[in-house]
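Notes follow the structure.
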Amino acid sequence: MSLIPREFYLRDDVVGISRDLLGKFLISRIDGNITSGIICETEAYAGVADKASHAYGGRRTARTEVMYAQGGTAYIYLCYGIHSLFNIVTHQKDFPHAVLIRSIKPVEGFEIMLRRVGKTRINQNFGIGPGNVSKIMGIHYHYTGHDLTKKPERSDRFGIWLEDRGVMADPKKIITGPRIGVIYAGQDALLPYRFQIAF
DNA sequence: CATAGGATCGCCT
DNA sequence: GGCGATCCTATGT
């Protein structure tokens, strides 16, 4: 039951961090409502050399600027005009590495999550897919730039952070493969930067 | 200023 | 498995 510290995100190893994030808890408090889930699937985006990354070639734009912040910062952007995709920036300031959270296993706040998706029953896609993760967690792209290493005070009504609650990901059960939806990245689309595990 | 396209999803067939 | 939704972002003139 401990907040994941800044140092976890500062390593120059976005692929390793992606793997290590499996089993960690993603927690949000939005308007005072707590929801959380265990991270089950991630993808690494390895900075300026990675053709699949928004920061490929050192591109700096209003949207991608937060990717250049220090590790432990949230990079959240709007995809296809509809979906907020949640990423965790890693490495030191000015090194735009990030990890996309692709799925979680919901743990706390089922009622609130269901309300957010306008459903009354949990379906097969619940928590599966980066757009769905943000939707049920109440994470909006306007929250990009948020410091994920800061757990909110009891009185705060907003916060997004990660905790290690002792759930271990068995290395032998981790499935590794190429990233989804990045065919435009040529050879880089084949890199084994996607990690998933069932909890 | 105009325009094409996207690290997706859910519904329809 | 095919497609429309939906709007911000990046890029070009």
Side-chain angles (χ1 to χ4, degrees), chain A residues 9 13-22 24 26 28 35 37 39-69 71 73-91 95-106 113-146 148 160 162 174-197:
Chain A
Y9 306 106
D13 181 11
V14 67
V15 176
I17 293 171
S18 292
R19 207 186 296 110
D20 293 346
L21 279 167
L22 299 174
K24 302 295 189 287
L26 173 63
S28 69
T35 45
I39 294 171
C40 297
E41 188 180 355
T42 61
E43 276 178 4
Y45 286 84
V48 301
D50 183 355
K51 285 202 178 77
S53 170
H54 291 163
Y56 174 62
R59 214 164 37 215
R60 287 184 99 115
T61 65
R63 177 179 67 157
T64 61
E65 191 58 33
V66 292
M67 295 186 81
Y68 293 81
T73 304
Y75 169 49
I76 312 163
Y77 71 95
L78 182 69
C79 190
Y80 294 104
I82 301 173
H83 309 288
S84 286
L85 301 206
F86 175 72
N87 298 252
I88 299 168
V89 173
T90 70
H91 203 347
F95 294 86
H97 295 195
V99 178
L100 173 68
I101 306 302
R102 290 198 71 92
S103 65
I104 60 169
K105 179 182 180 180
M113 290 174 171
L114 285 169
R115 198 183 311 151
R116 285 172 180 154
V117 291
K119 296 269 161 66
T120 52
R121 295 288 176 89
I122 289 165
N123 67 359
Q124 280 278 312
N125 297 328
F126 201 59
I128 311 296
N132 289 325
V133 169
S134 295
K135 193 99 187 268
I136 66 173
M137 291 294 290
I139 295 173
H140 190 272
Y141 69 92
H142 286 138
Y143 305 150
T144 193
H146 188 75
L148 301 169
I160 304 168
L162 287 91
I174 296 174
I175 299 166
T176 303
R179 294 169 293 185
I180 305 293
V182 295
I183 19 177
Y184 58 83
Q187 287 296 304
D188 288 352
L190 305 174
L191 293 167
Y193 283 1
R194 175 171 174 238
F195 304 96
Q196 59 179 326
I197 191 166

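In what follows, every chain begins at residue 1, and chains take the letters A, B, ... in the order their sequences are listed. The structure presented is a predicted model; accordingly, all values stated were derived computationally and were not measured.
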Cation-aromatic face contact Arg63(A)/Tyr141(A), 6.0 Å, 45 degrees: no
So what does Leu100(A) touch, heavy atoms closer than 4.0 Å: a base, only the sugar-phosphate, or nothing? base
Does the side chain of Tyr193(A) reach to within under 4.5 Å of the side chain of Val182(A), using non-hydrogen atoms? no
Leu78(A) atom CG is separated from dA10(C) atom P, nearest whole Å, by 12 Å
Quick one: list whatever passes salt bridge (charged side-chain N to carboxylate O under 4.0 Å, His left out) with Arg59(A), sequence neighbours left out. none
Pairing annotation in dot-bracket form, given for DNA chain C with Watson-Crick or G-U pairs under 3.5 Å and | for cross-strand partners: |||||.||||||.
Take the angle between the ring planes of Phe95(A) and His97(A) and call it parallel below 30°, perpendicular above 60°, tilted in between. perpendicular
Would you kindly give the CZ-to-C1' distance between Arg102(A) and dT8(B), to the nearest whole Å? 9 Å
Has Tyr80(A) got its ring stacked on the base of dA5(C), with centres under 5.5 Å and planes less than 30° apart? no
Given atom CZ of Arg179(A) and atom P of dT8(B), what is their separation to the nearest angstrom? 12 Å
Between OH of Tyr75(A) and C1' of dC8(C) the distance, given in whole Å, is 11 Å
Taking dC7(C), dA7(B), dT8(B) as options, the one with an atom nearest any side-chain atom of Tyr77(A) is dA7(B)
Pick out the pairs of N or O atoms, protein on one side and nucleotides 10-13 of chain B on the other, that lie under 3.5 Å.
from: dG10(B); atom 1: OP1; to: Asn132(A); atom 2: OD1; distance (Å): 2.9
from: dG10(B); atom 1: OP2; to: Asn125(A); atom 2: ND2; distance (Å): 3.3
from: dG10(B); atom 1: OP2; to: Asn132(A); atom 2: ND2; distance (Å): 3.4

N/O to N/O distances under 3.5 Å, protein versus nucleotides 1-3 of chain C:
none

What is the nucleic acid contact for Arg63(A), judged by heavy atoms within less than 4.0 Å: base, sugar-phosphate only, or nothing? sugar-phosphate
Have a look at Tyr141(A) and say if it touches a base, only the backbone sugar-phosphate, or nothing, with a 4.0 Å heavy-atom cut-off. sugar-phosphate
Out of Leu21(A), Val99(A), Thr42(A), Ile39(A), which one pairs with Phe195(A) under the side chain to side chain contact (heavy atoms under 4.5 Å, CB included) rule? Thr42(A)
Side chain proximity check, Gln196(A) to Arg102(A), heavy atoms < 4.5 angstrom: no
Let me have the donor-acceptor pairs involving side chains of residues 130-139 of chain A, under 3.5 Å, with sequence neighbours excluded, atom names and distances please.
from: Asn132(A); atom 1: ND2; to: Ile128(A); atom 2: O; distance (Å): 2.6
from: Ser134(A); atom 1: OG; to: Ser84(A); atom 2: O; distance (Å): 2.6

What is the separation between atom CD1 on Ile180(A) and atom C1' on dC9(B), rounded to the nearest whole Å? 14 Å
Could I get a table of every N or O pair under 3.5 Å where one atom is in the protein and the other is in nucleotides 11-13 of chain C?
none

In whole Å, what is the span from the CD atom of Glu41(A) to the C1' atom of dT8(B)? 13 Å
Whole Å only: how far is the CD atom of Gln124(A) from the C1' atom of dC9(B)? 15 Å
Give the rounded distance in Å between these two atoms: NE2 of His140(A) and P of dT8(B). 18 Å
